[in-house]
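This is a predicted model, so every value here is computed, not measured.
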Amino acid sequence: MPASVAGAEGRGRGSAIGPYTVLRGLDDEASGIPVPERRFIGRSADGDRTVLISAPLPGADPGRFLAEAETSRYLLGPWSSPAAEVAAPGDAPWHARPYVPALPLPAALTVHGGPLPERTVRALGAALAETLAIGHGQDLAHAGVSPAAVLLSADGPRLTCFGAVRAAAGDGTPRSGLPGLESGSLPPEEAAGGRPHPTGDVYALGATLAYAATGYTVPEREELPAALRSVVTACLSRDPAARPRPAELLDALGPAPGPPAPGGGAAGPPTPAAGLHPAGPLSSASELGPAGSPAGRAAALLGPGWLPGRIVAALARQSAELLAATLPVPPAPQD
């Protein structure tokens with residue numbers, strides 16, 4: 001696992017961010033995948049709370065960073081990762097959420113030794129599509145989906161980096177090439193400076209699934225697994241109006257809704273991707289279950305075995321290392 005990010009404005013092990021002491025960095029800079037924010041695992045002074053801390057990149061606008069963190073507090077759904085704490089006005093910008101053992105998607109590919117199995121990619125796609133469907137039902141465009149934004153945990157993924165595109169630059173300003181934004185998962189209309197929109201989230205989801213399945217956000221169509229090819233390429237349409245709705249992606253990637261199969265097994269197989277249709281910007285209420293939830297359909301794909309063994313082992317090591325970690329002893333006061 002990557003060491004702490006000691007060179008980023010002194011945020012190495014033992015440094016303080018808000019009320020927390022940094023134990024280690026989360027991301028591996030050697031992956032080459034841009035990360036929209038600096039992320040650390042930290043612990044409270046009393047040792048009772050371990051959290052995932054985010055701070056803006058050097059030179060980023062702290063006001064936009066904090067505004068997106070505040071908005072993320074409203075996110076719903078089991079695979080979203082809203083900020084639970086945000087820096088007080090006037091303090092250095094940061095936000096934090098409860099820690100769970102997790103690997104960023106690029107680190108997971110490194111641990112696994114290459115692209116992830118189709119079962120894992122399908123489960124990941126269903127969970128992220130469910131998250132976007134819920135967020136879009138709240139009238140919120142995520143505007144930050146990318147490989148680095150996805151954390152893999154034993155019980156399912158977590159989608160982070162909410163609002164990274166908006167935080168990087170205001171509407172009307174070209175965003176292509178800006179620090180922290182992965183070019184392959186940046187929708188073309190947003191790269192040109194357009195306002196982030198739910199259909200842009202679908203494009204970014206397609207690029208992220210392409211990365212999980214091939215190691216590249218912009219692979220050749222033939223490089224994609226045949227069973228995922230239609231789903232991913234539909235998401236990556238350059239025409240926003242031609243991209244599918246997240247609820248349709250759930251139909252293509254997840255188990256079909258309905259009663260259990262005979263014998264108590266899971267519901268029927270995924271609906272063929274050929275059934276995808278162009279969509280409007282938001283999922284309608286009829287596409288969602290009670291209280292705007294897509295009925296938790298992704299959970300059916302996230303049972304034992306959804307993650308490869310090497311990734312599960314890496315998560316266990318991370319957890320054990322952090323359980324054994326102690327806070328640095330502060331220097332004795334000078335007489």
Side-chain angles (χ1 to χ4, degrees), residues 1 23-24 26-27 39-43 49-54 72-73 75-84 96-112 116-135 142 144-162 205 208-209 211-213 246 249-250 253-255 257 260 264-267 270 288-323:
M1 287 297 297
L23 297 177
R24 62 181 298 169
L26 181 70
D27 295 287
R39 300 188 291 198
F40 309 93
I41 300 171
R43 186 166 291 161
R49 288 176 295 154
T50 302
V51 297
L52 176 61
I53 309 166
S54 296
S72 80
R73 288 176 179 264
L75 292 171
L76 301 174
W79 320 121
S80 64
S81 189
R97 55 184 63 88
Y99 164 77
V100 294
L103 292 181
L105 183 57
L109 264 68
T110 299
V111 167
H112 181 62
L116 302 180
E118 181 185 323
R119 175 186 175 182
T120 301
V121 178
R122 184 177 292 279
L124 175 64
L128 296 179
E130 180 176 296
T131 301
L132 294 178
I134 295 170
H142 189 280
V145 181
S146 72
V150 176
L151 308 183
L152 299 187
S153 190
D155 64 346
R158 302 293 189 276
L159 184 56
T160 68
C161 300
F162 178 84
L205 173 59
T208 299
L209 296 182
Y211 177 83
L249 296 176
L250 266 175
L253 295 167
L288 304 176
S293 167
R297 289 167 54 193
L301 300 178
L302 295 167
W306 91 274
L307 283 179
R310 289 182 180 178
I311 296 177
V312 174
L315 292 172
R317 286 195 301 271
Q318 183 191 94
S319 179
E321 290 169 3
L322 287 169
L323 282 172

**OP:** Write down the atom of Pro157, the atom of Ala127, and the distance for their closest heavy-atom approach.
**Re:**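 Heavy-atom minimum between the residues: CG-CB, 3.5 Å.
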Subject >> Minimum heavy-atom distance Leu152-Trp306, with the two atoms named >> reply: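 Reported closest heavy-atom pair: CD2-CH2, 4.0 Å.
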Original post:
Salt bridge or not for Arg317 and Glu321, using N-O below 4.0 Å?
Top reply: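 Salt bridge flag = no for Glu321 with Arg317.
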Original post:
Who are the salt bridge (charged side-chain N to carboxylate O under 4.0 Å, His left out) partners of Arg49, not counting sequence neighbours?
Top reply: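 Arg49 satisfies salt bridge (charged side-chain N to carboxylate O under 4.0 Å, His left out) with Glu85 once adjacent residues are dropped.
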**OP:** Please identify each residue that fulfils salt bridge (charged side-chain N to carboxylate O under 4.0 Å, His left out) with Arg158, with sequence neighbours left out.
**Re:**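 Salt bridge (charged side-chain N to carboxylate O under 4.0 Å, His left out) check on Arg158 returns Asp155.
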If you define the side chain from C-beta out and look only at heavy atoms, does anything of [X] sit under 4.5 Å from [Y]?
| X | Y | value |
| --- | --- | --- |
| Leu205 | His142 | no |
| Thr160 | Val150 | no |
| Pro117 | Pro308 | yes |
| Val100 | Leu151 | no |
| Ile311 | Leu116 | yes |

Original post:
So does Arg119 have more than 12 non-hydrogen atoms from other groups sitting under 6.0 Å from CZ?
Top reply: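 Result for CZ/Arg119: enclosed.
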Subject >> Under 3.5 Å side-chain donor-acceptor pair for Arg97 and Ser81 >> reply: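 Arg97 vs Ser81: donor-acceptor pair found between side chains.
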**OP:** Hey, could you give me the OG/CG distance between Ser80 and Leu132, rounded to the nearest 0.5 Å?
**Re:**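 Going from OG on Ser80 over to CG on Leu132, the span is 10.5 Å.
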